[in-house]
Amino acid sequence: MAADNVVSITGSRPSQLGEPRQGLIEAIEDILAMAKSGRLQSFIGTGFTADGNRLACWGGHHENVYEMLGAINWLEHEYVSRQTNEA
């Protein structure tokens, strides 16, 4: 549970931890369906658990390391863009 006096850097209050997040569930189900159909061949992801631990997930093998590094870098920039546009 977030304390009443805790405010994020964007000014919003942190959401309650430990409750299922429907958007996250739907995204993971979509990723799973892509993997089961053979469309998704490799995946690297990260997130945080309700108790604050970082989760890292590696699945499959992508043959071109430079493509994967580019995708990871692109994700970093997309994350920063989304966070600064939401603020």
Item to complete: Return the minimal non-hydrogen interatomic distance between S42 and H61, and the atom names on each side.
Response: CB-C, 4.1 Å
Discussion item. Minimum heavy-atom separation for A50 and G18, please, with both atom names.
Written reply: CB-N, 3.7 Å
Discussion item. Rounded to the nearest 0.5 Å, what separates atom CZ in R82 from atom NE2 in H77?
Written reply: 14.5 Å
Item to complete: Keeping to residues at least two apart or across chains, list the side chain to side chain donor-acceptor pair (under 3.5 Å) pairs with something in residues 48-59.
Response: T49-D51, D51-N53
Report all side-chain donor-acceptor pairs from residues 23-33 shorter than 3.5 Å, counting only partners two or more places apart or in another chain.
residue	atom	partner	partner atom	Å
E26	OE2	Q22	NE2	3.3

